[in-house]
Amino acid sequence: KAGVTQTPRYLIKTRGQQVTLSCSPISGHRSVSWYQQTPGQGLQFLFEYFSETQRNKGNFPGRFSGRQFSNSRSEMNVSTLELGDSALYLCASGQGGLATNEKLFFGSGTQLSVL
Amino acid sequence: GNSVTQMEGPVTLSEEAFLTINCTYTATGYPSLFWYVQYPGEGLQLLLKATKADDKGSNKGFEATYRKETTSFHLEKGSVQVSDSAVYFCALSRLDGATNKLIFGTGTLLAVQP
């Protein structure tokens, strides 16, 4: 069974640009969550998509958005990039059930550098 | 609110030494608890989990016991190897509406020397 695939692996952008990151979850999984990892703030929840609908959103500005397609693949978009957006963006795949013991499987992440 | 506190690193050990990484949590209700590991340049891998009080999660020689009375989930390994060098994250899982959301500690860097 293929794992969670995130593309691209690395990305370099300049301030003011916008960027799109992609995540393909494990086959059969319907939930995709996004997390931002920075040295200062650690791992923070961005949002979660389930069956093409955003179910939850973390405390991030509206410049951060996402969507999910009918095949469960998800994209996140960051507009008007700021230096502070430099981070490792991790995608987590899950079945989306209502149980706290559900395992989430993470991709290798997209390392975004904003210059 | 819900939070996870981990011991600060780095933790530097010699090969075959005993490892303990402390983790305590604050949560409402009955969260599940996890340890994730992140190797250099990679994403997070689930190491082990426990879903209720007194449960012991174990994997690859690592163990952690869900202690509700002390709100702790300390990670232990009897004999570490150089290949265990990585960052270890303690996390709790809570339902926020319909979302199973992970709340992470700050991570503990483990460096094992030969």
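In what follows, chains carry the letters A, B, and so on, assigned in the order in which the sequence lines appear, proteins first and then strands, with residues in each chain numbered from 1. All heavy atoms count here, side chains included; hydrogens, waters and symmetry mates do not.
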**Student:** Do A/His29 and A/Val4 have side chains that approach each other closer than 4.5 Å (heavy atoms only, starting at C-beta)?
**Tutor:** no
**Student:** Given that the side chain runs from C-beta out, which part of A/Leu88 has a heavy atom under 4.5 Å from chain B: side chain, backbone, both or neither?
**Tutor:** side chain
**Student:** Checking an interface table here. Which of residues 12-21 of chain A come within a heavy-atom distance under 4.5 Å of chain B?
**Tutor:** none
**Student:** Can you see whether A/Arg30 engages A/Ser51 through a side-chain donor-acceptor pair at a distance of less than 3.5 angstrom?
**Tutor:** yes
**Student:** Report which part of B/Leu44 has an atom under 4.5 Å of a heavy atom belonging to chain A: side chain, backbone, both, or neither.
**Tutor:** both
**Student:** Does any heavy atom of chain B fall under 4.5 Å from the side chain of A/Gln41, the backbone, both, or neither of them?
**Tutor:** neither
**Student:** Going by the ring pair (Phe, Tyr, Trp, His ring centres under 6.0 Å) test, name the single residue among B/Phe62, B/Phe73, B/Trp35 that passes it with B/Tyr88.
**Tutor:** B/Phe62
**Student:** Would you mind checking which part of B/Leu102 comes under 4.5 Å of any heavy atom in chain A, side chain (CB onward), backbone (N, CA, C, O), both or neither?
**Tutor:** both
**Student:** With side chains defined as the heavy atoms from C-beta onward, is the minimum distance between A/Leu90 and A/Gln6 less than 4.5 Å?
**Tutor:** yes
**Student:** Given a strict heavy-atom distance threshold of 4.5 Å, which part of A/Tyr35 is in contact with chain B: side chain, backbone, both, or neither?
**Tutor:** side chain
**Student:** Does some side-chain heavy atom of A/Phe106 sit less than 4.5 Å from a side-chain heavy atom of B/Gln38?
**Tutor:** no
**Student:** Which one of A/Ser108, A/Gly42, A/Cys91 has the most heavy-atom pairs closer than 4.5 Å to chain B?
**Tutor:** A/Ser108
**Student:** So, are B/Lys101 and A/Glu48 salt-bridged, with charged N and O less than 4.0 Å apart?
**Tutor:** no
**Student:** Less than 4.5 Å apart, side chain to side chain, heavy atoms only: is that true for A/Phe105 and A/Lys103?
**Tutor:** yes
**Student:** Under 4.5 Å between any side-chain heavy atoms of A/Leu81 and A/Leu112, yes or no?
**Tutor:** yes
